[in-house]
Amino acid sequence: MTAPFDVNDNSVVVIIGTGAGGGTLAHELALKGIDVVALEAGGRHLPQDYINDEWPSFSQLALTDMRTTSGSWRVAKDFANLPAWIVKAVGGSTVHWAGASLRLQDHEFRALSTYGELEGANLLDWPVTLAELEPYYDKAEKKMGVTRTNGIPGLPGNNNFKVMKAGADKLGYKDCHTGRMAINSEPRDDRASCQQLGFCFQGCKMGAKWSTAYSEIPRGEATGHLEVREHSLVLKIEHDADGKIDGVVYQDKDGNQVKQMARAVCVAGNSIESPRMLLNSASSMFPDGLANSSGQVGKNYMRHMTGSVYAAFEQPVRMYRGTTMAGIITDEARHDPSRGFVGGYEMETLSIGIPFMAAFLNPGAWGREFASAMDNYENMAGMWLVGEDMPQESNAITLSEEKDQSGMPVANVHFDDHPNDVAMRDHAYQQGMALYDSVGATQTYPTPPYPSTHNLGTLRMSEKPGDGVVNGFGQSHDISNLFVSDGSQFTTGGAENPTLTIVTLAIRQADYIAQQMSEKSI
Amino acid sequence: MKAENEQALHFTKPQSQTPQSSFAKITRRELLKRSAAIGGSLIVGSGFIAGSTASWALEVKSLSPDTMATLVQMARDIYPHDSMGDEIYAAAVKAHDDKAAEDSEYKTMLETGVDSLNAAAKQMGHASYLATGWEAERTELLKSIESDGFFQTIRGGLVVGLYNQKAVWDALGYEGSSYEKGGYLNRGFDDIKWL
């Protein structure tokens with residue numbers, strides 16, 4: 001068969017979402033000759049379309065569909081209907097991501113064994129080890145062109161990095177460099193090299209940053225085995241009398257409800273929409289939603305411990321010039337309970353422009369203190385702090401009272417910090433502020449978490465079916481032809497930015513699905 | 001907080017038009033003939049407000065000019081940047097007048113909000129909010145209405161209305177998009193010297 005495929009063709013694999021997980025999986029399966037229909041809720045925007053202006057770009061790319069929030073996290077107060085800052089477009093959040101490509105550490109796959117039982121935390125070991133993933137990490141790094149791997153040089157450091165590096169040296173940090181970034185430091189793989197535009201979050205207009213939007217998706221389409229249907233919003237996943245998935249009902253670009261038949265379905269709509277779809281697909285056979293015999297669908301929502309520190313200096317920094325995430329310190333990523341918390345965190349430079357600084361520096365604040373901080377913008381350096389947060393069963397995606405335009409309940413996102421998250425954030429703020437103080441900061445601004453970009457864990461992997469939703473290959477414990485292919489599978493979060501691991505798992509999952517299909521197991 | 005969130009989520013129409021564009025050039029002498037100074041640095045006339053040097057003027061369509069002048073002063077007191085002229089703040093709140101022209105409930109909400117702010121000023125012994133001389137005292141007045149929808153609407157609108165203006169970026173030293181110029185690679189991305 002050659003794309004496009006018939007809606008009644010039940011030999012296709014349907015993938016929901018085209019981001020790091022879905023886009024990678026679609027490409028890998030298509031390369032193997034497996035026919036794929038990818039349903040994407042958003043439209044297609046390519047580098048020439050990206051807007052290097054924060055609010056108009058946000059309007060172009062961000063997912064602003066209705067969601068509700070609850071819990072004590074500050075996002076629920078300041079951005080009640082914007083719990084997550086992710087992308088609704090072909091390529092998903094690989095359009096918007098900063099490019100940091102870090103492997104999880106060995107011990108992070110064994111969180112329960114390493115950290116022990118923590119009150120209130122629903123810790124678990126992954127059913128897969130770093131050693132098992134290493135060959136796939138290799139493939140992912142090569143595919144994405146990660147700097148400091150495969151002989152690819154690191155990116156040059158911008159002003160924001162230079163401030164971080166000087167502070168890191170003063171504090172005695174040993175491991176500070178310009179990162180392992182899926183941003184071309186030299187032309188590679190038909191993509192240009194980074195010109196330091198300063199708008200990584202708005203979609204890279206050079207195409208220097210890796211994104212499935214312009215790498216995996218068009219290459220998959222070129223095989224004739226991948227059809228991407230844009231503006232296709234999935235309503236529910238359906239099953240036959242035997243409890244096997246038989247297709248996906250979605251609203252197409254013209255507003256019609258369509259059912260695409262399928263041999264298997266892979267869910268990759270990010271960790272809020274993916275569990276929402278399974279919950280909204282409840283049936284008489286599966287009254288609690290699909291794949292939910294464990295009761296863990298939507299539970300254990302993680303968003304990484306995050307926070308930022310900006311600092312003002314006597315003289316200009318102009319942090320916005322160049323790559324958004326221009327450097328990293330990994331010294332604090334170790335597990336060292338003597339600091340008062342388990343797990344670790346990364347320190348990564350970050351810059352946002354005036355429009356977003358006004359919205360995120362201290363949401364709701366006003367008066368001379370806030371304006372004074374804004375007056376210091378040109379002299380500011382900034383970093384993001386990102387670390388492992390604890391999975392908690394009560395942090396969950398559930399169905400809200402509110403409905404979307406199709407009458408389907410929207411997702412409610414509930415989140416409370418675990419005491420370990422709070423202790424880690426306090427430590428990270430202190431270290432970030434100390435770093436900038438050491439190079440002469442006149443003011444420091446410990447900035448609260450933004451709406452979540454790293455949404456993880458809501459359909460987690462587990463060895464035992466009772467502890468999670470999918471096995472080590474992202475396959476549902478309950479329904480063999482239903483897969484999870486995004487960050488929802490993460491058993492625990494690790495300290496690292498998750499995209500590289502999502503891509504790695506998708507490459508591995510593609511091999512597994514192909515094998516299962518050839519064995520006629522699915 | 002709902003109003004604020006809605007404000008914060010609807011970023012699609014940045015208010016960047018300068019006030020001058022909506023009002024014919026007028027001399028300071030003509031302006032003063034048609035107006036009265038009511039405190040603060042603004043001139044308030046019939047159907048318009050203007051800067052004290054008449055370098056800019058803003059036509060007011062729906063709100064009373066006093067209300068508009070109050071909103072401009074509120075904008076400055078909420079996010080006080082002493083290096084920025086009133087025209088930047090006028091541009092930042094102009095959209096409220098546009099919306100009031102289409103929505104009478106909204107207009108009433110704004111006028112009532114300003115009335116209550118003036119009433120609070122009178123209790124403090126001042127003629128009005130605009131006639132309250134010290135920023136610290138005006139800030140105290142704003143604190144007293146901080147949780148009101150009126151205040152949150154004005155503050156929430158300013159996050160985009162003020163800080164999404166190119167003139168503000170220039171004033172704060174943010175250069176924005178660089179793609180058209182070949183990026184920052186050869187334009188100072190690593191030019192820091194003082195470290």
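On a predicted model such as this, the values are computed, not experimentally measured, just so you know. So you know, we letter chains A, B, ... as the sequences are listed, proteins then strands, and number each from 1.
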I'd like to verify something: which residue of B:Gly176, B:Ser83, B:Ala171 has the highest number of heavy-atom pairs under 4.5 Å with chain A? B:Gly176

Hey, could you give me the [atom1]/[atom2] distance between [X] and [Y], rounded to the nearest 0.5 Å?
X	Y	atom1	atom2	result
B:Glu180	A:Leu197	CD	CG	9.0 Å
B:Ser177	A:Gln202	OG	CD	10.0 Å
A:Gln195	B:Leu185	CD	CG	5.0 Å
A:Gln196	B:Asn186	CD	CG	10.0 Å
A:Ser372	B:Tyr79	OG	OH	14.0 Å

Please report the closest heavy-atom contact between [X] and [Y], naming both atoms and the distance.
X	Y	result
B:Asn164	A:Pro355	OD1-CG, 3.4 Å
B:Ile192	A:Pro316	CD1-O, 4.0 Å
A:Ala371	B:Pro80	CB-O, 3.1 Å
A:Trp366	B:Leu142	CH2-CB, 3.5 Å
A:Gly157	B:Phe189	O-CE1, 3.7 Å

Classify the ring geometry between [X] and [Y] as parallel (under 30°), tilted (30 to 60°) or perpendicular (over 60°).
X	Y	value
B:Tyr184	A:Tyr320	perpendicular
B:Trp194	A:Phe313	tilted
B:Tyr174	A:Tyr377	perpendicular

Side chains of B:Tyr163 and A:Met357, heavy atoms from C-beta outward: is any pair under 4.5 Å?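 Answer no - side chains too far apart.
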
Validation row: A:Asp375, B:His81 side chains within 4.5 angstrom (heavy atoms):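 Heavy-atom side-chain distance check passes, below 4.5 Å.
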
Could you tell me whether B:Asp190 and A:Arg321 have a side-chain N and a carboxylate O separated by less than 4.0 Å?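 No, no charged N to carboxylate O under 4.0 Å.
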
Ionic contact status for A:Arg368 with B:Asp82, cut-off 4.0 Å: yes

In this structure, are over 12 heavy atoms from other groups packed under 6.0 Å from A:Glu401 atom CD? no

Heavy-atom distance under 4.5 Å to chain B: side chain of [X], backbone, both or neither?
X	result
A:Ala365	backbone
A:Phe161	neither
A:Asp53	side chain

With chain B, the option among A:Glu314, A:Glu369, A:Met374 that has the most non-hydrogen atom pairs under 4.5 Å is A:Met374

Taking side chain as everything from C-beta outward and backbone as N, CA, C, O, which of these in B:Lys181 sits under 4.5 Å from a heavy atom of chain A? Side chain, backbone, both or neither.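 No part of it gets close to chain A.
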
Using non-hydrogen atoms and a 4.5 Å limit, figure out which bit of B:Leu172 sits close to chain A: side chain, backbone, both or neither. both

